[in-house]
Amino acid sequence: MSAIDSIARTGLKAALSDLQTTGHNVANAQSVGFKQSYVRLNDLYSTNLAANTQIGIGVQVAGVEQDFTEGASEITSRSLDLSITGQGFFVMRNTTSGQTAYTRAGQFQLDKDGYITQNGERLRGYAAFQNQITTNLVDMQVSNTPVPALQTATVDLEINLDSTATVPANPFSATDPTTYNHRTDNVIYDSLGTPSNLTLYYIKSGSNAWDVQMQINGASVGTGALTFTSGGALNTATGFTGISWTTTNGSNTPQLFDIAFTGSTQFAASNETRSIAQDGYPAGVLTSFDFDKDGMLTARYSNGQSQILSQVAVAKFPAPNGLANIGNTSWIETSESGNAILNSANSRNAINPGTLELSNVDLSQQLINLINAQNYFQANAKVVQTSTQVNQTVIQIQ
Amino acid sequence: MSEAALYTGMVGAKQAFMQMQLISNNLANVNTTGHRAELPIFSSYMVQGEGLPTQYYSVMDKTAADFAQGPMINTDRNLDVAINGPGFIAVQTVSGSEGYTRNGSFVLSSEGFLKTDKGDYVLGQQGLITIPPSQNLTIGQDGTITVQGLGQNERSVTVVDRIKLVNPPLNSISRGTDGYFYSINGTIPADNKVKLVPGNLEGSNVNPVDQLVDMIEASRFFELQVKMMKSADENGAKATELLNL
């Protein structure tokens, strides 16, 4: 008699596991990065019976499998919300226990030290050195350290000087515009980041030949000469390398810099300045940071400079199904999942900044599961009831 | 005479009981992926002995599997396949023998082997299937497994292997104790005509309504047999009373 009971009991147990799993899925239908699970059932056969009348002995829960399909993404536009496209996990480190966990949820926060955290665990990434990503795995941090000033070393000028201009009659004087033909003004920086005005005066000295008077903040720092070919292209530029400027504010002195006239021309067209650039900048404080689609964390500073700080690490597994769930929608690696595969290539095109991966629970499917599991339970309960009736009939034989 | 009737009734009750056991197993596996319902096969045997051949035993001497197509359950999981129409997926079980199943819910092991959810190896054209470290694994309708290498773009896909699919005559296989089917005479060659439906699983083909109705019938049948046993017992008692005279 008990055979029927015990078969039905395996069915009841399986139905309960199914209900539990479905309940858990439904409860997490709104959890960011959650992966739904499902019950795997296997039939059971005993070896005791004669080969040709083999009746099964029920069902067993072979395991609760996790479904790692990608959830839908939600656009939040929050700079610290990230989601991963395709396979892969964020790498998180618990600072107290040192344990490494993996998650698909990407709702990050900044802690007081600038570390990027989630549930108190720090996001791991590859450190950058001079804007190049290294293989060094570190806790990702947005540090508040300002960018130091950089003194100007090169000024790039691209100008056109009017070939039809006449040689000025009077000797050069900065205050008299008739003593020069053209001027350019731009700002250069010393090692403390102090801006100074660099003014260049162009004086025609003969056909295809020009003198250049250089002044910083109204004081002369030297002269140079430009010659052009008959085709109007720059021929020679002398006196523009190692220009020495004595500063008085405590910065590096003398400050040496070069001026390059690459691309400058002398045509029968009006004097014009096509572009001015220089490589110095003042000190800057952190104004913002952002992630790009490769997971690069870039800090932006008030002086217009930017710097790559690190890159979000993405871990992949030979068998993600083998990962052990430790709660907080995160997993740890096991012998069944294999070791994490970590390399910078995993992050390429894999990160969606400003989006979150929603739970991959399909509510309609879960509700159908719920109905199924309930029917499953009832059918097996009916078997128990019938078995009881049979038992009573047997007892009443006498 | 009366004793023979008592035993005929007992055998009938025993068969009814075994059928109920079978039905409860079917009902317990109503949600088991790829499960094939069991069917009881009854035969009648004449009771040998003195007198006229008026009694027949009913014996459930065989069980068979019902190979009707189960329902398709859409899962959208890349490692789930269902077989559309006849056919089986070949697996290598723990014991090393080649088994056949309709359950196409696969997992990847950490060593890169494609396994069934029971942990047995799925067979390809040349033995076990090994998946290299990759992404975007897909299984085609004919069982071909393709992957996209790590860091490769979507167009550079490689064919890894092709799942061994077989379509043996249904009377040449029998169910083993692990729920897989085994060939009675030798390994079955691959059949290219078996078609898979990727992203789906085939549910159990047990029909719970039929099974519950059968269960009621079996329990009525059981009660009937018990009644027969009672009558035979009473007849025997009356006969004994006659002899007492």
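Chain identifiers are assigned alphabetically (A, B, ...) following the order of the sequence lines, protein sequences preceding nucleic acid strands; residue numbering begins at 1 within each chain. Quick note: numbers below take in every heavy atom, side chains included, and nothing from hydrogens, waters or symmetry partners.
Proximity to chain B is absent for every atom of A/Q365, based on heavy atoms less than 4.5 angstrom apart. For B/L212, the part lying near chain A is the side chain, with the backbone staying farther off; criterion is any non-hydrogen pair under 4.5 Å. Of the two parts of A/Q87, only the side chain, counted from C-beta on, holds a non-hydrogen atom closer than 4.5 Å to a non-hydrogen atom of chain B. Of the two parts of B/D76, only the backbone, made up of N, CA, C and O, holds a non-hydrogen atom closer than 4.5 Å to a non-hydrogen atom of chain A. Heavy-atom distances place no part of B/N78 under 4.5 Å from chain A, backbone and side chain included. Contacts of B/M229 with chain A are made by side-chain atoms alone, with heavy-atom separations under 4.5 Å and no backbone atom involved. With a 4.5 angstrom heavy-atom cutoff, A/A14 does not touch chain B via any of its atoms. Of the two parts of B/V226, only the side chain, counted from C-beta on, holds a non-hydrogen atom closer than 4.5 Å to a non-hydrogen atom of chain A. Contact of A/D18 with chain B is made through the side chain alone, with heavy-atom distances under 4.5 Å. With a 4.5 angstrom heavy-atom cutoff, A/S335 touches chain B only via backbone atoms.
A distance of 7.0 Å separates CG in A/D67 from CZ in B/R77, rounded to the nearest 0.5 Å.
Annotation: maximal heavy-atom pairing with chain A below 4.5 Å, among B/N31, B/V30, B/N74, occurs at B/N31. Interface check for chain B: of the options A/G322, A/S337, A/A62, A/A373, the most heavy-atom pairs under 4.5 Å are formed by A/S337. Counting heavy-atom pairs closer than 4.5 Å to chain A, the top-ranked of the candidates B/S219, B/G179, B/G34 is B/G179. Here B/L27 is the residue among B/L27, B/L108, B/D178 with the most heavy-atom pairs under 4.5 Å with chain A. When A/P320, A/A319, A/G338, A/A350 are compared by the number of non-hydrogen pairs under 4.5 Å with chain B, A/A319 comes out ahead.
Side-chain contact between B/D117 and A/N42 is present, with heavy atoms from C-beta onward closer than 4.5 Å. Residues B/R175 and A/D43 have side chains in contact (heavy-atom distance under 4.5 Å, counting atoms from C-beta outward). Considering only heavy atoms from C-beta on, A/I4 comes within 4.5 Å of B/F17 through its side chain. Side chains of A/Y38 and B/T75 form no contact here, defined as non-hydrogen atoms less than 4.5 Å apart. Under the 4.5 Å side-chain criterion, counting only non-hydrogen atoms from C-beta, B/M20 is in contact with A/V390.
Taking a 6.0 Å sphere around CD of B/Q92, one finds it holds more than 12 heavy atoms contributed by other residues, nucleotides or ligands. Under a cut-off of 6.0 angstrom, the local environment of CE in B/M228 is sparse, with at most 12 non-hydrogen atoms contributed by other residues, nucleotides or ligands.
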**Study point:** B/F222/A/V394 under side chain to side chain contact (heavy atoms under 4.5 Å, CB included): CA gap, chis, key distance, verdict
**Key:** CA-CA 9 Å; B/F222 184 84; A/V394 170; 3.2 Å; yes
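Among B/T33, B/N103, B/T32, the single residue meeting the side-chain contact (heavy atoms from CB on, under 4.5 Å) criterion with A/L41 is B/T32.
Residue B/S24 comes nearest to A/N380 through the heavy atom pair O-OD1, 4.5 Å, listed as atom of the first residue, atom of the second, then distance. Across every non-hydrogen atom of B/M215 and A/V383, the tightest pair is CE-CG1, 3.5 Å. The minimum heavy-atom distance between B/E38 and A/G56, with the atom names listed, is OE1-N, 3.3 Å. The shortest non-hydrogen separation linking A/R40 to B/K118 is NH1-N, 4.0 Å. What you find for B/A28 and A/G58 is that their closest heavy atoms are CB-CA, 4.3 Å. When every heavy atom of A/N321 is checked against every heavy atom of B/V107, the shortest pair comes out as ND2-CG1, 3.9 Å.
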